[in-house]
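Indexing begins at 1, ligand by ligand and atom by atom, following the structure's order.
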Amino acid sequence: MARFIFITGGVVSSLGKGLMGASLAALLQARGYKVRIRKFDPYLNVDPGTMSPYQHGEVYVTDDGAETDLDLGHYERFTGVPGRQSDNITSGRVYSDIIAKERRGDYLGATVQVIPHVTDAIQSFAKNLTDDLDFVICEIGGTVGDIESLPFIEAIRQLRNDVGVENTVFIHVTLVPYIAAAGELKTKPTQHSVRELTSLGIQPDVLVCRCEHELPEEERRKIALFCNVRKEAVIPALDARSIYEVPLNYHDEGLDREVLRSFGVAPRHAPDLSRWTDISDRFRNPEGEVTVGIVGKYTGLQDAYKSLQEALVHGGFANRVKVNIRWLDSELFEGDEPDLDALEPLHAILVPGGFGSRGSEGKIAAIRFARERKVPFFGICLGMQMACIEGVRAAGTMAASTTEFGTTTEPVVGLITEWMSEKGLEKREEGGDLGGTMRLGAYPAILEAGSRIADIYGTTEISERHRHRYEVNNAYRAPLEAGGLVFSGNSPDGLLPETVERPEHPWFIGVQFHPELKSKPFEPHPLFASFVKAAVKQSRLV
Ligand code: GLN
């Protein structure tokens, strides 16, 4: 049976519980264990799919088509284990399942209550599909004391009784703030937060204390004493230079050792951390740097493009260069006489995925700049769609557009209502619900032999993750190809364009899918490695 590690947070939000969990998973993996990480989100949305990236950051899509919390992206980047629908639940999903059952009459007349029905559902989610694992790490979103997280805390308390103390470890992440006027780190908020947690029936085994300064022995001893944990189990967590050094830092502070000790497990062998020391070396000792511009809509909140940002960093690791990202709001490039000066110093331009028409003309202007000036260009999802619209406009059809932005006489991109997936024919209604009506998750694509993209992947058969409603319209294939934009990859039935490229350009590729979701620091995605390589080349020209 798998052992369970539960992570809660206290004092404030944004303490990096997700990164902590991902790092712990990586460390346990490095010791040879099989690990999976899960996220429990206390909000009432059924999934984060309908939430604005401004509110909640990126929606991370899994192979099986789940729209999940961005922490699942960290988990996958740190462990290489692909996330699944069953790795993320929200209160909304738990309640909607329970209410659907209640309406069907499945509860046979019983009164349906938070305890036991909601807490049972949460426990079975935690235990679902865990037989082949050594450890399951479950992160509880939010902060202890929130009304919303109470059922989750109660469920994990019950779960400890159910599977046994020896099979569960509770880790609580808190903040130890530094008060400049006193020149001291303060442990009181941590004490209060642990008191709150114990009042809910949970005594943490390990405390992770985020702090801006070294935690002095005296403070560590004090926290241990007041919070009823061993001094060695008070793990200081200072800010790291790179998120990819966090696993090494936690290992140095003894996190994985303390967790195993709490389980009463003698470590099998020392962890093999070579993967992480290599990444740290690439991060600390770059041999050059390049500047990549991301021209998009949500540039004010970088979490909205978390995986993209990380994939570019990975592309930098692959080429041993530092990638500087310049976030550019595409609306800057709109108007009759757009000022494109901000594009001049860039070594490469990327137009990412997005929804809605705001800023689209600016994206098209940036793509035109990249095409004409032969600057490496990468268009992802909406970015590829815009590159196709730009291509049709370049051939003289100025009305080229997408039906996503309203009715158009030239639907270069349009809504498709039927397509094939592994499950068979999928259908969507023209004015259907926004939630869960997209082409979501992994789909195969066939790449044209001899195309640049096939060369980059080193194969003609790929599978990548999708999240979109609209598709490039095959009816425009001939005029686009006449203008130099080749459809180099397609769905296996040939109906849906998956990738486009300009063979005459140094590096101009558009993809309908989101390759950034599968990039890892220790296995950079080939498209990002190649794109950054093209940026390095470009940097030598300018
Ligand atoms: N808005 C576009 C669509 O729905 C693109 C989506 C995306 O970039 N993820 O097809």
Side-chain angles (χ1 to χ4, degrees), residues 47-54 56-63 65-68 70 73 294-299 301 303-309 311 330 349-364 366-367 377-390 400-408 411-419 421 426-443 445 464-474 476 490-491 495-500 509-519 527:
D47 62 40
T50 54
M51 285 160 93
S52 158
Y54 269 135
H56 196 69
E58 160 185 274
V59 174
Y60 188 78
V61 179
T62 57
D63 278 333
E67 297 181 280
T68 68
L70 87 175
I294 298 184
V295 180
K297 185 165 91 169
Y298 304 112
T299 49
L301 177 74
D303 267 2
Y305 297 114
K306 193 73 206 147
S307 295
L308 183 61
Q309 197 183 352
S330 56
I349 294 173
L350 192 151
V351 176
F355 293 84
S357 64
R358 187 157 63 79
S360 57
E361 290 302 323
K363 292 174 193 172
I364 292 172
I367 296 168
F377 166 77
F378 196 1
I380 294 180
C381 207
L382 186 66
M384 156 163 151
Q385 297 173 354
M386 294 299 110
C388 292
I389 291 171
E390 197 280 325
S401 188
T402 160
T403 55
E404 179 175 3
F405 304 162
T407 41
T408 166
V412 177
V413 180
L415 186 71
I416 64 146
T417 51
E418 292 188 351
W419 72 98
S421 83
E426 302 256 6
K427 288 187 191 219
R428 81 184 132 210
E429 303 291 327
E430 289 232 17
D433 282 355
L434 283 188
T437 56
M438 284 192 265
R439 190 171 162 221
L440 277 170
Y443 282 86
E464 292 280 7
R465 296 181 196 165
H466 289 247
R467 181 174 187 251
H468 55 106
R469 278 190 195 89
Y470 300 84
E471 307 278 350
V472 172
N473 187 343
N474 245 326
Y476 287 85
N490 296 284
S491 57
L495 294 178
L496 305 175
E498 291 275 9
T499 75
V500 295
I509 290 180
V511 295
Q512 186 57 75
F513 44 78
H514 289 277
E516 70 274 21
L517 300 175
K518 296 218 297 194
S519 189
L527 281 172

Does any non-hydrogen side-chain atom of Phe355 lie less than 4.5 Å from one of Glu404? yes

Sub-3.5 Å N/O-N/O distance, Leu382 and ligand 1: yes

Atom 2 (C) of ligand 1: nearest protein contact (heavy atom, Å): Glu404 OE1, 3.2 Å

Spacing of Ser330 atom OG and Ile294 atom CD1 [to the nearest 0.5 Å]: 12.5 Å

Given the options Lys518, Arg465, Glu58, Ser307 meets side chain to side chain donor-acceptor pair (under 3.5 Å) only with Glu58

What are the atoms of ligand 1, with element, lying closer than 4.0 Å to any heavy atom of Tyr470? 3 (C), 4 (O), 10 (O)

Heavy atom of Gln385 under 4.0 Å from ligand 1? yes

Please name the pair of heavy atoms, one in Ala387 and one in Ile367, separated by the smallest distance, quoted to 0.1 Å. N-CD1, 3.6 Å

protein heavy-atom neighbour closest to atom 7 (C) of ligand 1 works out as Cys381 SG, 3.0 Å

What are the two closest heavy atoms between Glu498 and Ser491, and how far apart are they? CG-N, 3.5 Å

Between Arg467 and Glu67, is there a side-chain N and carboxylate O pair less than 4.0 Å apart? yes

With heavy atoms and a 4.0 Å threshold, my read on which part of Glu471 contacts ligand 1 is neither

Paired with Gln385, the side-chain contact (heavy atoms from CB on, under 4.5 Å) test is passed by just one of Ile380, Val412, Val413, namely Val413

Short N or O distance, Arg467 and ligand 1, threshold 3.5 Å exclusive: yes

Under a 4.0 angstrom heavy-atom cut-off, which atoms of ligand 1 come close to Gly353? 8 (O)

When rounded to the nearest 0.5 angstrom, what is the spacing between OH in Tyr470 and CG in Leu382? 11.0 Å

Atoms of ligand 1 under 4.0 Å from any heavy atom of His514, numbered from 1 in the order shown, are 9 (N)

Option nearest atom 3 (C) of ligand 1 (shortest heavy-atom distance, choices Arg439, Arg469, His466): Arg469

Taking both backbone and side-chain atoms of Gly354, is any N or O found less than 3.5 Å from an N or O belonging to ligand 1? yes

